[in-house]
Amino acid sequence: MAVQLQGSLFDVADDVRLTRPLTEARRTPLAHGAWIDLLPGWLEGSDLLFEALVETVPWRAERRHMYENVVAVPRLLAHYGADDEPPHPALAAARDELSAHYADELGEPFRTLGLCFYRDGRDSVAWHGDRIGRGDRENTMVAILSLGTPRPLMLRPRGGGAPHIRQPLGHGDLIVMGGTCQRTWDHSIPKTAKAVGPRISVQFRPRGVG
């Protein structure tokens, strides 16, 4: 698959590795018992990992029913279940570090990986929360590792009443959404008319959260 990635001038590593401890993540409390942790540049060599995933992941295009029509999902997708081997050793290491660091708060390990490939500014994801399964009724966590060109992750409370949050993510940045975030807040990656390069997001979730 041919894509044009403008690499980061600050990430010129010759290997893929986690270089910053999760204890350096900065937590921001949100309304309604939600919070986010942010750790920029958690992964070094992120452009190398991006290129490897583009070539090796079995990306699929999906179509979904929306407003009585069947439309193309505006991004490519892949999923790795609890019993599947992640598509790169760095993602297995990231999952294990996340599970160890958040063990006391989460009470269970991260199990599954979901991948989204945003090929350009026309690809997006609409406002939503990960409320399929236990995320609809329980506090949980979803960790997102971003690779490639930065795109803004938008967050807003479901019932309004608080400012939107706009957080650019790319080139190895990590965000963790915790507490009530999936139940009381929505998030999205909006379309843009600007010329932007491709991005991959890797979502780490506990079993039964989707």
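Just the heavy atoms: all of them, side chains too, but no hydrogens, waters or symmetry mates, feed the values below.
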Counting N and O atoms only, with roles assigned by atom type, does the side chain of His32 sit under 3.5 Å from a partner on the main chain of Ala34, one being a donor and the other an acceptor? no
Decide whether Ser201 and Gln203 meet the rule of one side-chain donor and one side-chain acceptor closer than 3.5 Å. yes
Between Arg20 and Trp42, is NZ or CZ placed under 6.0 angstrom from the six-membered ring centre and within 45° of the ring axis? no
Check whether Lys191 reaches the backbone of Arg122 with its side chain - one donor and one acceptor, N or O, closer than 3.5 Å. yes
In terms of side-chain geometry, is the basic nitrogen of Glu97 or Arg17 positioned less than 4.0 Å from the acidic oxygen of its partner? no
So which atom in Ala143 and which in Val176 form the shortest heavy-atom distance, rounded to 0.1 Å? CB-CG2, 3.8 Å
Any link between Leu18 and Phe50 through a network of hydrophobic side chains (Ile, Leu, Val, Met, Phe, Trp, Tyr) touching at under 4.5 Å? yes
Pro40: which of Leu169, Ile175, Asp173 passes side-chain contact (heavy atoms from CB on, under 4.5 Å): Asp173
Donor on one side chain, acceptor on other, Ser146 and Arg199, under 3.5 Å: yes
In sequence, state the C-alpha distance, the side-chain angles, and the governing distance for Arg95 and Glu85, and then conclude on salt bridge (Lys or Arg N to Asp or Glu O under 4.0 Å). CA-CA 11 Å; Arg95 179 195 58 195; Glu85 187 71 21; 6.0 Å; no
Cluster link Leu53 to Ile144, ILVMFWY, side chain under 4.5 Å: no
Under the criterion side-chain contact (heavy atoms from CB on, under 4.5 Å), which of Leu76, Val202, Leu77, Ile200 is the partner of Cys116? Leu77
Any donor-acceptor pair under 3.5 Å linking the side chain of Ser99 with the backbone of Phe110? yes
Value rounded to 0.5 Å, distance of OG1 in Thr140 from CZ in Arg137: 10.5 Å
Report yes if the distance between the aromatic ring centroids of His128 and Trp185 is under 6.0 Å, otherwise no. no
Compare every heavy atom of Pro86 with every heavy atom of Leu113, then report the nearest pair and how far apart it is. CD2-CB, 4.0 Å
Are Arg60 and Glu62 close enough, and set up right, to give a salt bridge (Lys or Arg N to Asp or Glu O under 4.0 Å), and what steps lead you there? CA-CA 6 Å; Arg60 66 182 187 277; Glu62 290 189 354; 2.8 Å; yes
Taking Arg131 for its side chain and Gln182 for its backbone only, find out whether a donor-acceptor pair lies under 3.5 Å. yes
With a 4.0 Å cut-off on N to O distance, would you call Arg134 and Glu108 a salt bridge? yes
Same cluster or not: are Tyr102 and Leu38 linked, directly or through other Ile, Leu, Val, Met, Phe, Trp or Tyr residues, by side-chain heavy atoms under 4.5 angstrom apart? no
Check for a donor-acceptor pair, side chain of Arg111 on one end and backbone N or O of Asp83 on the other, with a separation under 3.5 Å. no
Between Thr19 and Gly41, what is the shortest heavy-atom contact and its length? OG1-O, 4.2 Å
Could you check whether the rings of Phe117 and Trp59 sit parallel, tilted or perpendicular, using 30° and 60° as the cut-offs? tilted
Shortest non-hydrogen separation from Leu145 to Gly172 and the atoms involved: CD1-O, 3.7 Å
If you measure from the Lys or Arg side-chain nitrogens to the Asp or Glu carboxylate oxygens, is any gap between Asp136 and Arg183 under 4.0 Å? no
In this structure, CZ of Arg75 is separated from CD1 of Ile189 (nearest 0.5 Å) by 9.5 Å
Counting N and O atoms only, with roles assigned by atom type, does the side chain of Thr149 sit under 3.5 Å from a partner on the main chain of Pro198, one being a donor and the other an acceptor? yes
Do Leu174 and Leu48 share a hydrophobic cluster, counting only Ile, Leu, Val, Met, Phe, Trp and Tyr and linking them when any side-chain heavy atoms are less than 4.5 Å apart? yes
Starting from Phe204, can I reach Val125 by hopping between I/L/V/M/F/W/Y residues whose side chains sit under 4.5 Å apart? no
Could you check His101, Arg27, Arg26 and say which one makes a side chain to side chain donor-acceptor pair (under 3.5 Å) with Asp37? Arg27
